[in-house]
Trainee: 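Supplied in structure tokens, the structure appears directly below.
Counting convention: from 1, in listed order, for ligands and their atoms alike. Just so it is clear, the values below take in all heavy atoms, side chains as well, and ignore hydrogens, waters and symmetry mates.
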Amino acid sequence: MAEINLVHVYKYFYPSFSFKNFFRKKGALLGPREPHFALTDVNLTIPDARTTVVLGPTGCGKSTLLRIIGGLLPPDQGKVLFDGKDITELPPGERRIGMVFQDYALYPHLTVKTNILSYFFFKKWTKQWSDEMEMEAEEKYRRTSQLLGVKLEHLSGRFPPNLSSGEKQRVAIGRCITRDPSLFLMDEPFSHLDQPLREEYRRQLKALLSYFDVTTVYVTHDQHEALLLADRLVVMREGKIEQAGTPEEIYQAPRNLFVAEFFHPHPFLPAINLIPGDLMGPEYREKVIGIRPEDFSLRSPRVAGDYILPAQVVSVFKSPLAMEAAMRLKVKDRVFVEVPVPSGTSPSEGDEVGLVPSRMHIFDPLTGERTATHHLQVHL
Ligand SMILES: Nc1ncnc2c1ncn2[C@@H]1O[C@H](COP(=O)(O)OP(=O)(O)OP(=O)(O)O)[C@@H](O)[C@H]1O
């Protein structure tokens with residue numbers, strides 16, 4: 001059992017000293033340096049035995065958040081609770097946490113097997129060491145090798161400097177597992193791997209995480225990875241949490257324009273089409289309307305009715321293996337939208353169609369907040 005709570009967590013950094021920064025602020029030569037915030041009032045519950053994926057653009061504070069949970073960085077304000085207990089001051093070694101970061105941090109002078117069993121290795125010369133522990137370590141190694149795939153067995157006598165990035169990654173994850181952590185923290189662990197390997201390892205990691213049921217926090221800026229791994233998703237921007245929920249909740253009910261546009265599960269299509277409200281009718285005049293590509297259907301241009309938008313096909317694009325196709329349309333001669341090409345149809349440039357939205361998200365253009373979602377019943 002490990003539920004983590006972050007309560008009003010703030011972290012700020014001071015820019016490093018440079019003469020350029022020093023003289024930039026006229027008349028403030030001796031004034032204090034202004035901190036920049038990496039995290040601002042972060043409140044978050046990380047549920048037990050689930051994988052929480054933290055997603056956000058570069059520099060938004062994802063790694064800082066992870067390091068604060070792991071105890072590698074102290075927060076400047078706020079608390080970290082582990083099953084309700086305040087662990088803000090507890091050193092990382094006492095948190096029962098397994099961490100895998102981009103740089104692997106393996107012991108270069110120890111073999112793969114010893115790296116994986118390093119938790120046991122460092123106990124070997126203490127009074128705690130016993131024959132039972134030796135047997136437990138061997139059994140853990142056997143089980144971990146099995147879970148990570150046979151490839152690990154071939155590497156057991158090699159040293160980290162002689163391993164590929166993928167192999168190092170596997171060893172780092174193996175080392176994490178043998179420690180029996182209550183919490184896994186992973187910071188873009190597959191970012192150095194090439195695409196096919198990354199895909200393979202993600203799937204394997206998903207299976208591992210389900211097998212162990214360990215509370216996991218996984219940081220990435222890769223949408224595809226986030227979707228594959230997340231039971232719960234946290235979208236961050238500029239040190240703040242924009243929205244947390246299941247991927248489905250966030251996709252179906254984005255809190256604001258940033259989340260609606262950022263969480264983007266279809267690589268072939270835009271996350272959402274944004275159109276000015278007045279195109280849908282006078283009642284939406286002061287609003288921005290967001291319509292997901294799959295929430296449009298197509299009708300003949302001759303069918304008229306409320307909420308049917310006359311549009312013209314501008315271009316059609318197909319994936320190389322023609323598994324997917326999308327098209328770009330100009331609506332009412334004013335804005336462009338992109339929608340999937342319905343199966344069994346083959347539209348061409350210049351075709352006239354009627355676009356029928358089934359669901360619209362209504363956003364306030366000033367604050368960017370979503371104020372409503374309307375499901376439309378179009379009467380033809
Ligand atoms: N040690 C540090 N000193 C000063 N500023 C820092 C330090 N660590 C992080 N920052 C700043 O804090 C902000 C958040 O950084 P962080 O590494 O948490 O972002 P991130 O979302 O993980 O980015 P990326 O996806 O690029 O790894 C950034 O503006 C970064 O420059």
Trainee: I'd like to check which ligand 1 atoms, numbered from 1 as shown, lie under 4.0 Å from a non-hydrogen atom of H36.
Mentor: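 Going through ligand 1 atom by atom, the ones under 4.0 Å from H36 are 5 (N), 11 (C).
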Trainee: Can you list, by chain and residue number, the hydrophobic cluster partners of L81 when the side-chain cut-off is 4.5 Å?
Mentor: V7
Trainee: Which of the atoms of ligand 1 are close to T64, meaning less than 4.0 Å from one of its heavy atoms?
Mentor: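 Per the distance check, 14 (C), 15 (O), 16 (P), 18 (O).
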Trainee: Look at the rings of Y251 and F263 and say which category their plane angle falls in: under 30° parallel, 30 to 60° tilted, over 60° perpendicular.
Mentor: perpendicular
Trainee: What do we get for M236 next to ligand 1 when only non-hydrogen atoms under 4.0 Å count, side chain, backbone, both or neither?
Mentor: neither
Trainee: Excluding sequence neighbours, so at least two apart, what forms ring-ring contact (aromatic ring centres under 6.0 Å, His included) with F336?
Mentor: none
Trainee: Give a yes or no answer on whether the side chain of N115 reaches the backbone of T111 with a donor-acceptor pair at less than 3.5 Å.
Mentor: yes
Trainee: Nearest heavy atom to atom 27 (O) of ligand 1: which of G59, S63, G61 does it belong to?
Mentor: S63
